[in-house]
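A short worksheet on the structure shown next.
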Amino acid sequence: MVKRRARPSLRRARLVGRPQGRARSKLTRRLIENEGQLRLFIEHAPAALAMFDREMRYLHASHRWLRDYGLVGRDLRGLSHYEVFPEIPERWREVHRRGLEGEVLRAEVDRFVRADGEVLWLRWEVRPYRDAGGAVAGIVIFTEDITELCAAQEALREADRRKDAFLATLSHELRNPLFPVAAGLQTLKRAPPGSPSAERAREIIERQVSHLVRLIDDLLDVSRIARGKLALRRERIELSAVVEHALEASRPLLARAGHLLTVHLPRGPVWLDGDLVRLAQVVCNLLNNASKYTPDGGHIELSAQVAGGEAALSVSDDGMGIPAEMLPRVFDMFAQVNRTLHRSQGGLGIGLALTRQLVEMHGGRVTAESAGPDRGSRFTVWLPRVAPGEVRARPQEVTGGEAPAE
């Protein structure tokens, strides 16, 4: 009698089939998981990414790609890259062609103009990908927006250039007064005491030493502000007192240049909460700056008015003016308008920067205006006013840090 084996064989086949089905299911799950992980990586990668077929049609574009290129909300799948960016430069088309031929290409810095006109600076890489047979099936483009990085690097380069210019100016400005001082000392050695030549030498030395002291004081003030060590002795003061102190310091410079100065102040008292010495320094800096850029015999006007809860104090001149491209930078450290005057009072390019810092420490602001070269300029300081009923006779305590002993 022949035994039948059909049932055991079928049972074995079923037993073998079940594990194979589980393996396929497990493989499918892994593929789905891997695809999800890949999409997660693409969406959160620090670079923008897009994938294209051989006809440069979009297969995938990450959210960052859409954001960086102003395409958020658009479904790009199936669209040609050249439909999306019809004005793309020929050099980029050549990069794509070379990538589709199997090359890997990259650039550290490249310029790209978005559809809305905004200019981006990019770091990019183009890589081909291949199908199962090894043929190039398309390319993947990675780009990183480094516009802010490029701007920061340019700012550092500009700061370095300005630092070098400042050091050159500093050496020049510190050396210039020493020659007349040395010559004056030689004159004093030879000239009889009290003689006209000795008196002239004494005046020259006094003037040049004062200039040196002013330069060094500005440098020290900038350093103190940078370290948060500048002290403000705030008290209730009258605007006219600030102007009076500033004029006392600036009159000799204005007189030497023959400048005509007119002053217009409000009739009633205008009360401020501030440091009398530092606010007088602000006004003095503006007057000296006007004198520096105004030809001999020119006109300078100092005026003040009340505007709401603020006092506005302006210094205007009819001098060389400020070019439009320079206006946004006049308060930057070491910035100076190119001088065309034969007479120059020198300076380090820190006076206006120091002025802005002192005004902002008082809760105010300062602005600059000019109609252009040879059409004069106007600087206005805006400071918070104090109502008469709030005036206190005694000074407040020192604020803003403790000034180091020098």
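Since the model is a prediction, treat every value here as computed from it, not as a measurement. Computation of the quantities below employed the complete heavy-atom set of this structure, encompassing side-chain atoms and omitting hydrogens, waters and symmetry-equivalent molecules.
- Electrostatic pairing of E154 and R161 counts as a salt bridge here, judged by a charged N lying under 4.0 Å from a carboxylate O.
- Taking both residues in full, the closest heavy atoms of S291 and L253 are given as OG-CG, 3.8 Å, listed atom of the first, atom of the second, then distance.
- The side-chain hydrogen bond (donor to acceptor under 3.5 Å, both in side chains) check on E325 picks up nothing, with sequence neighbours excluded.
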Please determine whether side-chain contact (heavy atoms from CB on, under 4.5 Å) holds for the pair R57 and L79, giving the CA-CA distance in whole Å, both sets of side-chain angles, and the decisive distance to 0.1 Å. CA-CA 5 Å; R57 290 188 295 260; L79 293 179; over 6 Å; no
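- Counting non-hydrogen atoms of other residues, nucleotides and ligands closer than 6.0 Å to CZ of R375 gives a total of 12 or fewer.
- The shortest distance between side-chain heavy atoms of L76 and L66 falls below 4.5 Å.
- Between E103 and R97 there is no salt bridge, since no side-chain nitrogen of the basic residue lies less than 4.0 Å from a carboxylate oxygen of the acidic one.
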Please test S377 against S370 for side chain to side chain donor-acceptor pair (under 3.5 Å), starting from the C-alpha separation and ending with a verdict. CA-CA 4 Å; S377 59; S370 177; 5.7 Å; no
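- You'll find the side chain of R278 reaches within 4.5 Å of the side chain of L230, heavy atoms only.
- Counting only heavy atoms from C-beta outward, the side chains of L188 and I205 approach each other to under 4.5 Å.
- Partners of D318 under the side-chain hydrogen bond (donor to acceptor under 3.5 Å, both in side chains) rule, at least two apart in sequence or in another chain, do not exist in this structure.
- Put simply, the side chain of E301 reaches to within 4.5 Å of the side chain of H264, judged on heavy atoms.
- Side chain of S223 to backbone of L219: no donor-acceptor contact under 3.5 angstrom is found.
- Looking at heavy atoms from C-beta onward, T143 lies out of side-chain contact with D145 at the 4.5 angstrom threshold.
- To the nearest 0.5 Å, atom CE of residue M51 and atom CZ of residue F142 are 9.5 Å apart.
- Here I146 contributes atom CD1 and L120 contributes atom CG; the two are 10.5 Å apart, rounded to the nearest 0.5 Å.
- With contacts defined as side-chain heavy-atom distances shorter than 4.5 Å, the pair Q281/L354 qualifies.
- For the pair G351 and N285, the tightest heavy-atom approach, listed with the atom from each and the gap, is O-ND2, 3.5 Å.
- In E148, the CD atom is not crowded: 12 or fewer heavy atoms of neighbouring residues, nucleotides or ligands sit closer than 6.0 Å.
- Going from atom CG of L352 over to atom CZ of F331 covers 6.0 Å, rounded to the nearest 0.5 Å.
- Evaluation of the side-chain contact (heavy atoms from CB on, under 4.5 Å) rule for E238 yields S240, P269, W271 as partners, not counting sequence neighbours.
- Using a 4.5 Å heavy-atom cutoff, the side chains of L261 and L287 are in contact.
- Ring orientation note: the planes of F112 and F85 are nearly perpendicular, at an angle over 60° on the 30°/60° scale.
- One N or O on the side chain of R234 and one on the backbone of D273 form a donor-acceptor pair closer than 3.5 Å.
- Here R91 pairs with P89, D110 under the side-chain contact (heavy atoms from CB on, under 4.5 Å) rule; sequence neighbours left out.
- The pair D221-R224 meets the salt-bridge criterion, since a charged nitrogen lies less than 4.0 angstrom from a carboxylate oxygen.
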Determine all donor-acceptor pairs shorter than 3.5 Å in which one atom belongs to a side chain in residues 244-252; sequence neighbours excluded.
unit_1 : atom_1 : unit_2 : atom_2 : d
H245   : ND1    : A241   : O      : 2.9
S250   : OG     : A246   : O      : 3.3
S250   : OG     : N288   : OD1    : 3.3

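- The shortest heavy-atom contact between H96 and Y82 is ND1-OH, 2.8 Å.
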Start with the C-alpha distance between I322 and F379, add both sets of side-chain angles, then the distance that settles side-chain contact (heavy atoms from CB on, under 4.5 Å), and finish with yes or no. CA-CA 11 Å; I322 305 172; F379 290 84; 3.8 Å; yes
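- Put simply, CG on L149 and CD on E144 are 8.0 Å apart, with the number rounded to the nearest 0.5 Å.
- Heavy-atom neighbours of R157 CZ from other residues, nucleotides or ligands within 6.0 Å: above the threshold of 12.
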Does the pair H299 and T262 meet the rule for a side chain to side chain donor-acceptor pair (under 3.5 Å), with working shown? CA-CA 8 Å; H299 180 221; T262 57; 3.1 Å; yes
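- Classification of R123 and E108 as a salt-bridged pair holds, one side-chain N sitting under 4.0 Å from a carboxylate O.
- Nearest approach of R385 to A311, heavy atoms of both residues: CG-N, 3.6 Å.
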Start with the C-alpha gap between I204 and V181, add the side-chain angles, then the distance that decides, and say whether side-chain contact (heavy atoms from CB on, under 4.5 Å) holds. CA-CA 7 Å; I204 289 172; V181 167; over 6 Å; no
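- Pairing each heavy atom of V242 with each of A280, the nearest pair is CG1-N, 3.7 Å.
- Interatomic distance, CG of L272 versus CD of E235, reported as 11.0 Å (0.5 Å rounding).
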For L313 and L383: C-alpha separation, side-chain torsions, deciding distance, then whether side-chain contact (heavy atoms from CB on, under 4.5 Å) applies. CA-CA 8 Å; L313 192 148; L383 294 167; over 6 Å; no
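- A salt bridge is absent between R233 and D275: the closest approach of a Lys/Arg side-chain nitrogen to an acidic carboxylate oxygen does not fall below 4.0 angstrom.
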Contacts under 3.5 angstrom, residues 125-141 side chains, donor-acceptor by atom type, not counting sequence neighbours:
unit_1 : atom_1 : unit_2 : atom_2 : d
E125   : OE1    : R106   : NE     : 3.4
E125   : OE2    : R127   : NE     : 2.4
E125   : OE2    : R127   : NH2    : 3.2
Y129   : OH     : F52    : O      : 3.0
R130   : NH1    : G134   : O      : 3.0
D131   : OD1    : G133   : N      : 3.0
D131   : OD1    : G134   : N      : 3.0
D131   : OD1    : A135   : N      : 2.9

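- Here the side chain of H362 pairs a donor or acceptor atom with the backbone of L358 at under 3.5 angstrom.
- When side chains are defined from C-beta on, Y58 counts as touching W65, because their heavy atoms get closer than 4.5 Å.
- Of the inter-residue distances, the one linking L260 atom CG with D317 atom CG reads 12.5 Å to the nearest 0.5 angstrom.
- The minimum heavy-atom distance between T187 and S197, with the atom names listed, is CG2-O, 3.8 Å.
- Ionic pairing of E199 and R202 is present here: one or more N-O contacts between side-chain nitrogen and carboxylate oxygen are shorter than 4.0 angstrom.
- Remark: E55 CD is packed, more than 12 non-hydrogen atoms of other residues, nucleotides or ligands lying under 6.0 Å away.
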